[in-house]
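Okay, so here's the structure we're looking at.
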Amino acid sequence: MLCPNCKEKMEADVVDDQAILHCPSCGGTFFAENGINRISNTTAQKLATDKKNNQILTGDKVCPKDNTLLKPLKQEESIPQDVILLRCNTCQGIFAYPNDLVIFKKAQSVKIDYFKIWGIPLPSIKSVAVLSILLFSSIVSLMTYFYWQRRDLSTYIQAQDLIKNFYLSSSERYLFISFKTLIPLKSRVVFSDTTSNQEVEKEINGQLQTFHQLTTADVNLENEILYQIILQDQKGREIQTGIKKLELN
């Protein structure tokens with residue numbers, strides 16, 4: 001079986017009770033379905049350093065087991081932005097380049113540690129770790145939701161932990177804000193004009209939704225502006241981000 005990257009012969013091995021195919025030439029590794037979730041960070045590091053060169057070739061990559069064309073996984077929340085993982089749609093195996101494997105495993109560990117800190121039971125975390133990578137993000141979001149329902153949000157979680165894909169821009173005198181939340185929420189923003197000593201509060205989304213968007217001309221963009229986003233759940237409980245300075249490119 002040949003490496004999807006450099007076309008050299010791959011070696012079969014078992015690490016952390018997971019059957020893998022590893023390329024000793026470029027260091028790429030092919031995992032069976034969910035196998036990449038089950039190996040340790042230490043094992044990932046060893047696999048990444050077991051190579052003769054750093055060669056990454058262009059062109060199509062095919063599965064070493066069935067020659068199906070490998071396709072990049074979409075950039076889900078569980079996969080860091082700069083990491084490329086290739087999946088076989090036939091056997092559901094995952095091919096990872098050496099550096100990408102290490103970065104992915106570190107990011108996965110950080111996410112699991114986050115839920116440990118917030119007191120989410122470890123058995124649930126382990127059940128997430130062995131599922132398909134594509135399901136990792138949605139299950140983490142669901143776990144966050146149920147955890148939120150059980151605890152006092154203002155004490156146990158911060159608003160910025162629920163916000164992703166935050167975007168802020170301006171055009172002439174108009175200010176545009178958009179972001180997504182991991183679960184359906186209401187949202188509003190408070191602007192504090194430190195130049196004129198005035199405060200403006202604007203509703204972003206009055207419905208329980210995951211996409212939030214606001215366009216407003218009620219803020220003087222020439223002044224120094226501070227802002228804070230407030231989120232509200234279906235029970236009326238609120239949490240807020242820290243106060244930030246409005247900085248536009």
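- With T181 contributing its side chain and P184 its backbone, the two residues share no donor-acceptor pair below 3.5 Å.
- Summarising the geometry of L21 relative to M10, their closest heavy-atom pair is O-CE, 3.2 Å, with the distance given to 0.1 Å.
- The hydrophobic cluster containing F166 also contains I225, counting ILVMFWY residues as joined when their side-chain heavy atoms lie under 4.5 angstrom apart, directly or transitively.
- When all heavy atoms of K65 and A32 are compared, the pair lying nearest together is NZ-CB, 4.3 Å.
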(Q) Does N205 form a side chain to side chain donor-acceptor pair (under 3.5 Å) with S187? I'd like the steps, not just the answer. (A) CA-CA 5 Å; N205 198 333; S187 60; 5.4 Å; no

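- For the pairing with Q45, the side-chain contact (heavy atoms from CB on, under 4.5 Å) check across T49, N41, T42 returns one residue only, T49.
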Q) What do the steps show when you test E199 against F191 for side chain to side chain contact (heavy atoms under 4.5 Å, CB included), and what is the final call? A) CA-CA 6 Å; E199 186 173 280; F191 296 104; over 6 Å; no

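- Hydrophobic clustering (ILVMFWY, side-chain heavy atoms < 4.5 Å, transitive): V190 and L175 are in distinct clusters.
- Contact detail for F30 and G93: the closest heavy-atom pair is CZ-CA, 3.6 Å.
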Q) Which is it for I163 and I229 under the side chain to side chain contact (heavy atoms under 4.5 Å, CB included) test, yes or no, and what are the steps along the way? A) CA-CA 10 Å; I163 293 175; I229 294 174; 4.2 Å; yes

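- The cluster map of Ile, Leu, Val, Met, Phe, Trp and Tyr, joined by side-chain heavy atoms under 4.5 Å apart, puts V189 and Y174 in different clusters.
- F95 is not listed as a side-chain neighbour of P64, based on a closest heavy-atom distance of 4.5 Å or more.
- Distance alone, capped at 3.5 Å, is enough to place a donor-acceptor pair between the N5 side chain and the L57 backbone.
- At distances below 3.5 Å, not a single donor-acceptor pair connects side-chain atoms of K186 with backbone N or O atoms of I230.
- Counting heavy atoms from C-beta on, the side chains of P24 and E11 come closer than 4.5 Å.
- Rounded to the nearest 0.5 Å, atoms NZ (K61) and SG (C88) are 15.0 Å apart.
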(Q) Please determine whether side chain to side chain contact (heavy atoms under 4.5 Å, CB included) holds for the pair N220 and D193, giving the CA-CA distance in whole Å, both sets of side-chain angles, and the decisive distance to 0.1 Å. (A) CA-CA 8 Å; N220 188 343; D193 189 327; 4.2 Å; yes

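- Within a 6.0 Å sphere centred on CG of N197, other residues, nucleotides and ligands contribute 12 heavy atoms or fewer.
- Minimum interatomic distance between C26 and C6 (heavy atoms only, all atoms of both residues): SG-SG, 3.8 Å.
- Put simply, the side chain of H22 gets close to the backbone of D50: a donor and an acceptor are under 3.5 Å apart.
- Using modelled atom types, one side-chain atom of K105 and one backbone atom of I39 make a donor-acceptor pair closer than 3.5 Å.
- Distance check: R87 CZ to N89 CG gives 5.0 Å after rounding to the nearest 0.5 Å.
- Atom NZ of K9 and atom SG of C23 lie 12.0 Å apart (nearest 0.5 Å).
- Counting heavy atoms from C-beta on, the side chains of K202 and D218 come closer than 4.5 Å.
- Crowding of I243 atom CD1: a count of heavy atoms from other residues, nucleotides or ligands under 6.0 Å not exceeding 12.
- When atom types are taken as modelled, the side chain of Q228 and the backbone of T241 share a donor-acceptor pair closer than 3.5 angstrom.
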Q. Where do Y97 and V83 land on the side chain to side chain contact (heavy atoms under 4.5 Å, CB included) test, with the steps shown first?
A. CA-CA 9 Å; Y97 298 105; V83 168; over 6 Å; no

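- With rounding to the nearest 0.5 Å, the separation of NE2 in H212 from CG in L185 is 5.5 Å.
- Remark: I94 CD1 to D100 CG distance equals 12.0 Å, nearest 0.5 Å.
- Taking CG of L221 as the reference point, atom CG of L246 lies at 6.5 Å (rounded to 0.5 Å).
- For the pair E238 and R188, the salt-bridge criterion is met [side-chain N within less than 4.0 Å of a carboxylate O].
- Smallest separation of non-hydrogen atoms from C63 and C91: SG-SG, 3.8 Å.
- Atom NZ of K7 sits in a crowded spot, with more than 12 heavy atoms from other residues, nucleotides or ligands closer than 6.0 Å.
- Salt-bridge annotation for D16 and R38: absent, with no side-chain N of the basic residue lying under 4.0 Å from a carboxylate O of the acidic one.
- In this model, no donor atom of one side chain and acceptor atom of the other lie less than 3.5 Å apart for E224 and T195.
- The same ILVMFWY cluster, assembled from side-chain heavy atoms under 4.5 Å apart, contains both I177 and L182.
- Hydrophobic cluster membership differs between V62 and F31, with clusters built from Ile, Leu, Val, Met, Phe, Trp and Tyr side chains linked at under 4.5 angstrom.
- Side-chain contact check for F104 versus I84: every heavy-atom pair is 4.5 Å or farther apart.
- Nearest approach of K180 to F211, heavy atoms of both residues: CG-CD1, 4.1 Å.
- Residues I36 and L101 form a side-chain contact, since some pair of their non-hydrogen atoms from C-beta on lies under 4.5 Å apart.
- Formation of a donor-acceptor pair under 3.5 Å by the T29 side chain with backbone atoms of A96 is not found in this model.
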